[in-house]
Amino acid sequence: MEVIIVDNAEQVGRIAADKVIENLDGLVTPVLGLATGSSPLSLYAELARRSKEGLFDFSHALGFALDEYVGIDPEHPESYRNVIHRTVVEPLGMDPNRVRVPNGFADDLQAAADEYDEAIEAAGGVDVQILGIGSNGHIGFNEPFSSFSSRTRVEILTAQTREDNARFFNSLDEVPTHCMTQGLGTIMDSRVAVMVVTGEHKADAVAAMVEGPVSQVMPASILQFHPNCIVIVDDAAASKLKYADQFRAEYELKQQLEAKA
Ligand code: GLP
């Protein structure tokens, strides 16, 4: 796990965009794993800028979203299908027919979940998975005690997650109770994982994920086993990391070596 600490959200977005593009560049059909939430917004804004300037063409990329609410009206502006369309597909110039979101509206939810994993596999797997982290350490909607080998499935949202996400709805009652999410096993199959985190309210989760034991209590800690996971955080989100100085020094050294090469 590589940890990069920068000053602010704008820099998080810029460096994360470098990592995303570096790892998609040259692929005939790049496959991008997409996260919702506030954390990746600066990254999407930067990718949109580069797309508009002609620096990268996303029109031939495939996209797979991490998760979706179950039981939400599909036309609701906060259904992840709509959020992904509004914040990623349109601004990046992706082809809407090449971007999928788990089908939380299916009659047979588990069949839809199984089919989603099969579609990812048929696409050759996810090349770059973009991730945020929930304040309780969830990735996608894999809440604490999700199996580390889980695949796409229906999950129950914790009270904490429903409260965190109530800001997107008129009231807490409106927040769905269930979701369909890629599993931790599905996420771990991605070739590169790029996590973006900003803000002091995520500092405990970041410290536990990076420096704590790998434990089902902290689902994101499974990423310690990911072969190529890059975590990009601002100073506030890094404020509880005991090894922050070491991460800063390593990144600086890496940049100096890259500048010389
Ligand atoms: C959401 C999503 C996650 C996201 C997380 C953090 O509910 N399901 O994919 O990473 O919670 O969201 P935010 O970045 O808004 O804090």
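Indexing begins at 1, ligand by ligand and atom by atom, following the structure's order. The basis for the numbers below is simple: all heavy atoms, side chains too, and nothing from hydrogens, waters or symmetry mates. Residues take their numbers from the sequence shown, with the count starting at 1.
Donor-acceptor pairing under 3.5 Å is lacking for the side chains of T186 and D189. No side-chain donor-acceptor contact under 3.5 Å links N8 and R14.
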Which N/O atoms of ligand 1 sit under 3.5 Å from a protein N/O, and at what distances?
unit_1	atom_1	unit_2	atom_2	d
ligand 1	7 (O)	Y80	OH	3.4
ligand 1	7 (O)	N165	ND2	2.9
ligand 1	8 (N)	D67	OD2	2.8
ligand 1	8 (N)	G140	O	3.2
ligand 1	11 (O)	H138	NE2	3.0
ligand 1	14 (O)	S38	N	3.2
ligand 1	14 (O)	S39	N	2.9
ligand 1	14 (O)	S39	OG	2.4
ligand 1	15 (O)	S38	N	2.7
ligand 1	15 (O)	S38	OG	3.1
ligand 1	15 (O)	R167	NH2	2.9
ligand 1	16 (O)	K202	NZ	2.6

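Using a 4.5 Å heavy-atom threshold, the side chains of N103 and E68 count as separate. Considering only heavy atoms from C-beta on, D114 stays 4.5 Å or farther from T152 through its side chain. Counting heavy atoms from C-beta on, the side chains of Q129 and L66 come closer than 4.5 Å.
Remark: E258 engages no residue in a salt bridge (Lys or Arg N to Asp or Glu O under 4.0 Å) (not counting sequence neighbours).
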